[in-house]
Visitor: 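Before I ask anything, here is the structure I am working with.
All chains are named by letter (A, B, ...) in the order of the sequence lines, taking the proteins before the strands, and each is independently numbered beginning at 1. If you're wondering where the values come from, they're calculated on a predicted model, not measured in any experiment.
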Number of protein chains: 2
Amino acid sequence: MDIKQGSHVDLMIAGGTIITMDENRRILEEGNLLIKGGRIQAVLADDQVPEDLTAEKVISARGKVLLPGLINAHSHLAMTLFRGFVEDLILDKWLNKVWEYELSVVDEKAVRAGSRLAFVEMIKGGITCAHDMYWHFKETMGLAEEIGVRLISGPPITGLGDQDFDEMFQVARETLTWMEDLDFVYPVLQAHSTYTTTPRMMRTVRAFKEEYGISFTTHASENQDEVDNVREQYQKSPIELLSSYDLLDEHTVLAHCVKVDEGEIDLLAATGTHVAHCPESNLKLGSGIAPVVDMLEKGINVCLGTDGAASNNDLNVLGEMRTAALLQKGVNHAPEVLTTDQALEMATINGAKAYHLDHMIGSLEAGKKADVVLVDFQQPHLTPSFDPVTNLIYSAAKSDVDTVIIDGKVHLEGGQLTRLDEERVMAEVRDLEGLFDGR
Amino acid sequence: MDIKQGSHVDLMIAGGTIITMDENRRILEEGNLLIKGGRIQAVLADDQVPEDLTAEKVISARGKVLLPGLINAHSHLAMTLFRGFVEDLILDKWLNKVWEYELSVVDEKAVRAGSRLAFVEMIKGGITCAHDMYWHFKETMGLAEEIGVRLISGPPITGLGDQDFDEMFQVARETLTWMEDLDFVYPVLQAHSTYTTTPRMMRTVRAFKEEYGISFTTHASENQDEVDNVREQYQKSPIELLSSYDLLDEHTVLAHCVKVDEGEIDLLAATGTHVAHCPESNLKLGSGIAPVVDMLEKGINVCLGTDGAASNNDLNVLGEMRTAALLQKGVNHAPEVLTTDQALEMATINGAKAYHLDHMIGSLEAGKKADVVLVDFQQPHLTPSFDPVTNLIYSAAKSDVDTVIIDGKVHLEGGQLTRLDEERVMAEVRDLEGLFDGR
């Protein structure tokens, strides 16, 4: 720690329990976090803080637990608009109903309103970086940049025929160029799925991936019907098909992977492919439960996503950690699997690794971007506290998130948003024309 | 509705969306709830309220959703003391570890502190009636009476031999007599389980049940080991053994029932036996997932419990509803099963029916006790709201509980406890001697 006598920092978070999620998984009781120029300058025990250190601002973290900003590794942000809109339907019927409605409601203004609502909800729940795949994606990207919240996004490739092929990839090129000026948005190539794209599209995505040197993400093996349908059309499972496109490697993140067999898990592990696990959405749509314990045992990097709010119905990574851990213990009849440490890894450092952002975010370490969440542990449902990680995963609620810092800037303090007007953001969605017509 | 011109009530809750949970499952938009003498006097649409009605106190419910107080149908309240104490162990090992610790820490003072913490947590989460099975049970009962929160409890019968037999049942008789003076505590006979009692005890419980005319509850078929062990000892499954004791009928509530086969489900249905489903605890201890959809299809009355906070790790019935619904959709690969309406029934009217309290609580209807919860829907994660029940089950958090009324008295208003000092209750637990020694 290179904190010299006489140092001055922008922000000091003093006296909290710091869950670093660094390689040694250090937990400091009464630790101090120093932030300067948007980055973490040091994580210090109480007796390591120079006596003459000065700070622009000091936030007391007594009774609070600090953790890295949570990463929502798979989502469709503006689908907050359809929260609770279609219920109790299986995936393909659900998608058809949503798609029909999207056509009539979703325009640039609606996406901006829905995405802003998503950012409000996520920041209040300690999420500092989210993936997004949706229509009018530049609206959401612009919004992330404006707010100063991290976004992983890119132009989505989708279509059942190749009629719009040239235009779609032209838009993709333009978007990727346009994105170069954005500080908070990280590019990813996106295809909706193997069943909503053509082989020509996927091969072109593969070429783009090489050319641009960026990551790729898609939905894969979300439920049995998808696997059956893809197998019928291509004589390959979605995972096998992606492999045939040469799209499985350490720069690929596959969302869901609920219906994958032992051989496919081996293939994902061998290629270094990452998996974005979305346990609540998978349950709610009746898709099933991904074999996450097997994946982790084989060494696959599994991160966590909420999926869209239309199939969840919230954007709460803290809750996904709990669900992920409980679920694997239950279905495997093994309370020792998917530990709280693993759940927290999935929601922080693993998400950063999946999208190759772990040099910047995912843990609280000197040199990384200052994305920090403070959780207030002075709550009845967090008393007593034998272990901060256990209480965080099993007992903490998103309402316990007290302070959220992104890139060194305070976005939430005392549970109140500092940079967004919550009431206005909610009103903007409620007032969208036609939103409630389709019911 | 017998609201006459010139009526005066104690409390009027005005202008909220009322989910009545009455037999017609009526939902009133902009409804009004009138309370007098601790009871609901009327549930009225806006135009039904007499113009000259006066009220001691009016609570505005604009933007809020009213529902019956939630019922926690199976719990061990003072186990809040062991929240997060033992993690990642299978049921029998977990129990042994907890039991060992209980011997050294749990006395009357500790139970009082732990139970008070449980009541604080539960009231803040909209729970107005809870079951309890634990040591020093009179402390918890006395506390419920003092606070004015409903409790279902009784002297627990347990022991691996009959050496304390006479004393245990003498205490049971004395306790049941002592309980007659309590207004908020409803008696139930309790045996820990078929594997922690003797046949003589269970037959005596059966005789008591007849003599006192009250309900009975026990743990049954929580996991496969339990079923195997009981079968080895008695050549019967726990359910079959309870049947042989003549303990299956409409005055019996069985907690868990995770490992029950088709024939056992039929038996439970035919006898009118109630099931208290504890999905999160069952997952966390690796016990498995109860076949709730089958039970509901066969007509079994299934209610919801949190179990103790040591295996959950919170007392949050709102969350259990969500978990119960998501889980059954996921394991059955059927998004249409366990609807939000059914989940809400399980947490309200079904719990009341299980313990034969449905003439008093479980729905918002004229004549019933005024146990009412107001949930603030003006939240980003509850926007937009297409349907109040859907948003309540899938998107609402316990922190959205704004107001809680029990027996006509306000216990929580604007999210703040009115009758308990939260800080003091937490400190009392943290300061318990020896609590943190055993780790």
Visitor: For B:L382, which atoms come within 4.5 Å of any heavy atom of chain A: side chain, backbone, both, or neither?
Guide: backbone

Visitor: Supply the atom-to-atom distance A:Y394 OH to B:R83 CZ, rounded to the nearest 0.5 angstrom.
Guide: 14.5 Å

Visitor: Can you establish whether the number of heavy atoms outside A:E336 located under 6.0 Å from its atom CD is more than 12?
Guide: yes

Visitor: Between B:P384, B:G114, B:G330, B:P335, which shows the greatest number of heavy-atom pairs under 4.5 Å with chain A?
Guide: B:P335

Visitor: For A:L81, is it the side chain, the backbone, both or neither that has a heavy atom under 4.5 Å from a heavy atom of chain B?
Guide: backbone

Visitor: Answer with side chain, backbone, both or neither: which region of A:D400 has an atom nearer than 4.5 Å to a non-hydrogen atom of chain B?
Guide: neither

Visitor: Just say parallel, tilted or perpendicular for the rings of A:Y101 and B:F386, cut-offs at 30° and 60°.
Guide: perpendicular

Visitor: Which atoms of A:L285 come close to chain B, meaning under 4.5 Å heavy atom to heavy atom: side chain ones, backbone ones, both, or neither?
Guide: backbone

Visitor: side-chain contact (heavy atoms from CB on, under 4.5 Å) with A:P380: which of B:E422, B:E423, B:R116?
Guide: B:E422

Visitor: How far does NE2 of A:H381 sit from OG1 of B:T80, to the nearest 0.5 angstrom?
Guide: 13.5 Å

Visitor: Which value, rounded to the nearest 0.5 Å, describes the distance between B:L327 atom CG and A:I289 atom CD1?
Guide: 6.5 Å

Visitor: Among A:L432, A:L315, A:V425, A:I90, single out the residue with the greatest number of heavy-atom pairs under 4.5 Å to chain B.
Guide: A:I90

Visitor: Is A:I393 close to chain B through its backbone or its side chain, or both, or neither, when contacts mean heavy atoms under 4.5 Å?
Guide: neither

Visitor: Specify which of B:E280, B:Q224, B:K284, B:E121 makes the most heavy-atom pairs with chain A at under 4.5 Å.
Guide: B:K284

Visitor: Where on A:Q378 is there a heavy atom nearer than 4.5 Å to chain B: the side chain, the backbone, both, or neither?
Guide: both

Visitor: A:S395 side chain to B:D314 main-chain N or O, any donor-acceptor pair under 3.5 Å?
Guide: no

Visitor: Less than 4.5 Å to any heavy atom of chain B: does that hold for the side chain of A:K93, its backbone, both, or neither?
Guide: neither

Visitor: Against chain A, work out which of B:N312, B:V331, B:N282 has the most heavy-atom pairs shorter than 4.5 Å and name it.
Guide: B:N312

Visitor: Give, as side chain, backbone, both or neither, the part of A:Q379 having an atom under 4.5 angstrom from any heavy atom of chain B.
Guide: both

Visitor: Nearest 0.5 Å, please: how far is CD in A:E87 from CG in B:N391?
Guide: 8.5 Å

Visitor: What is the distance from atom CG of B:D88 to atom NZ of A:K329, rounded to the nearest 0.5 Å?
Guide: 3.5 Å

Visitor: Between atom OG1 of B:T383 and atom CE of A:M426, what is the distance when rounded to the nearest 0.5 Å?
Guide: 5.0 Å

Visitor: Identify which part of A:N332 has an atom lying under 4.5 Å from any heavy atom of chain B, answering side chain, backbone, both or neither.
Guide: neither

Visitor: What part of B:N316 lies closer than 4.5 angstrom to a heavy atom of chain A: side chain, backbone, both or neither?
Guide: neither

Visitor: Hey, which of A:V429, A:L117, A:V120 has the most heavy atom pairs under 4.5 Å with chain B?
Guide: A:L117

Visitor: Picking from A:V337, A:L283, A:L338, which has the most non-hydrogen pairs under 4.5 angstrom with chain B?
Guide: A:L283

